[in-house]
Amino acid sequence: MLDIEKTIREYLPQVVHMSLATCRDNHPWVCEVHFAYDDELNLYFRSTLNRRHSQELLENPCVSGNIITQHFLNQKVRGVYFEGTAKLIESDEELNIAFNAIKERLHLDEEILVDAHKEDGHKFFKLSVTNFYLFDSYTSNPSQKYQLEWSKRAL
């Protein structure tokens with residue numbers, strides 16, 4: 001039996017960017033951002049407030065996305081998909097958590113905190129995942145989509 005959470009936790013360190021989907025006025029948008037995560041599988045990223053995805057998630061915090069390595073034709077595939085809500089981090093406590101996660105994972109230094117306090121700097125965002133999905137052909141043929149049990153919610 002596939003341990004979905006364990007597989008997701010083993011997969012995340014292999015990928016440094018995620019696709020993030022936002023939507024405003026029924027017009028979807030997707031972008032790539034570098035990300036980090038914490039022990040509770042919250043996702044963190046940095047972006048400037050003038051970016052389309054930042055503006056859209058400030059208006060509509062519901063987001064989705066995926067974390068996938070590139071695959072070749074006929075290669076087995078695995079990917080993590082998610083749904084959740086994203087928010088601009090404003091509290092010092094959450095800022096420290098995000099900073100430490102991003103600093104460690106992406107090998108950045110304290111300069112990113114200085115930048116975050118600039119009006120036009122890269123701000124920190126937290127994505128609270130409500131649903132994780134694992135698409136996998138390593139342990140199933142044909143490929144299967146699994147939902148992480150603790151993240152299930154009524155849709």
Participant: Is the backbone N or O of T48 less than 3.5 Å from a side-chain atom of S54, with the two atoms forming a donor-acceptor pair by type?
Facilitator: yes
Participant: Does the D109 side chain pair with the main chain of E111, one donor and one acceptor, at a distance under 3.5 Å?
Facilitator: yes
Participant: Among residues at least two apart in sequence or on other chains, which ones pass ring-ring contact (aromatic ring centres under 6.0 Å, His included) with F45?
Facilitator: F125
Participant: Report yes or no: does R9 contribute a side-chain atom to a donor-acceptor pair with the main-chain N or O of D39 at less than 3.5 Å?
Facilitator: yes
Participant: Could you state the interatomic distance from CZ (R46) to CG (D115), rounded to the nearest 0.5 Å?
Facilitator: 5.5 Å
Participant: Quick one: pull up CH2 in W29 and SG in C23 and give me the separation to the nearest 0.5 Å.
Facilitator: 12.5 Å
Participant: Between R52 and H27, what is the shortest heavy-atom contact and its length?
Facilitator: NH2-O, 3.8 Å
Participant: Around Q14, counting heavy atoms of other residues, nucleotides and ligands shown, do more than 12 lie under 6.0 Å from its CD?
Facilitator: yes
Participant: Would you give the length of the straight line joining atom NZ of K118 to atom NZ of K123, rounded to the nearest 0.5 angstrom?
Facilitator: 10.0 Å
Participant: Any donor-acceptor pair under 3.5 Å linking the side-chain atoms of H53 with those of S47?
Facilitator: yes
Participant: How far apart are the C-alpha atoms of N50 and Q55, what are their side-chain angles, what is the distance that settles it, and do they pass the side chain to side chain donor-acceptor pair (under 3.5 Å) test?
Facilitator: CA-CA 7 Å; N50 65 348; Q55 294 171 5; over 6 Å; no
Participant: Around atom CG of D92, are there more than 12 heavy atoms from other residues, nucleotides or ligands closer than 6.0 Å?
Facilitator: no
Participant: Any donor and acceptor pair, going by atom type alone, linking the side chain of N100 with main-chain N or O of N96 inside 3.5 Å?
Facilitator: yes
Participant: Kindly write out the residues that satisfy side-chain contact (heavy atoms from CB on, under 4.5 Å) with T139, not counting sequence neighbours, or none if the list is empty.
Facilitator: L2, R78, D136, Y146
Participant: How long is the span from the CG atom in L49 to the CG atom in L88, to the nearest 0.5 Å?
Facilitator: 6.0 Å
Participant: If you measure from CD1 on I67 to OH on Y81, what distance do you get to the nearest 0.5 Å?
Facilitator: 11.0 Å
Participant: Return all side-chain donor-acceptor pairs below 3.5 angstrom for residues 30-37, not counting sequence neighbours, or 'none' if the list is empty.
Facilitator:
from : atom 1 : to  : atom 2 : distance (Å)
E32  : OE1    : H17 : ND1    : 2.8
E32  : OE2    : S19 : OG     : 2.4

Participant: Please report the interatomic distance OG(S143) to CG(L134), rounded to the nearest 0.5 Å.
Facilitator: 10.5 Å
Participant: Between the side chain of E83 and the main-chain N/O of V63, is any donor-acceptor distance below 3.5 Å?
Facilitator: no
Participant: Apply side-chain contact (heavy atoms from CB on, under 4.5 Å) to the pair V80 and T7, showing each step before the final yes or no.
Facilitator: CA-CA 10 Å; V80 173; T7 303; over 6 Å; no
Participant: Would you say Q75 has more than 12 foreign heavy atoms packed within less than 6.0 Å of its CD?
Facilitator: yes
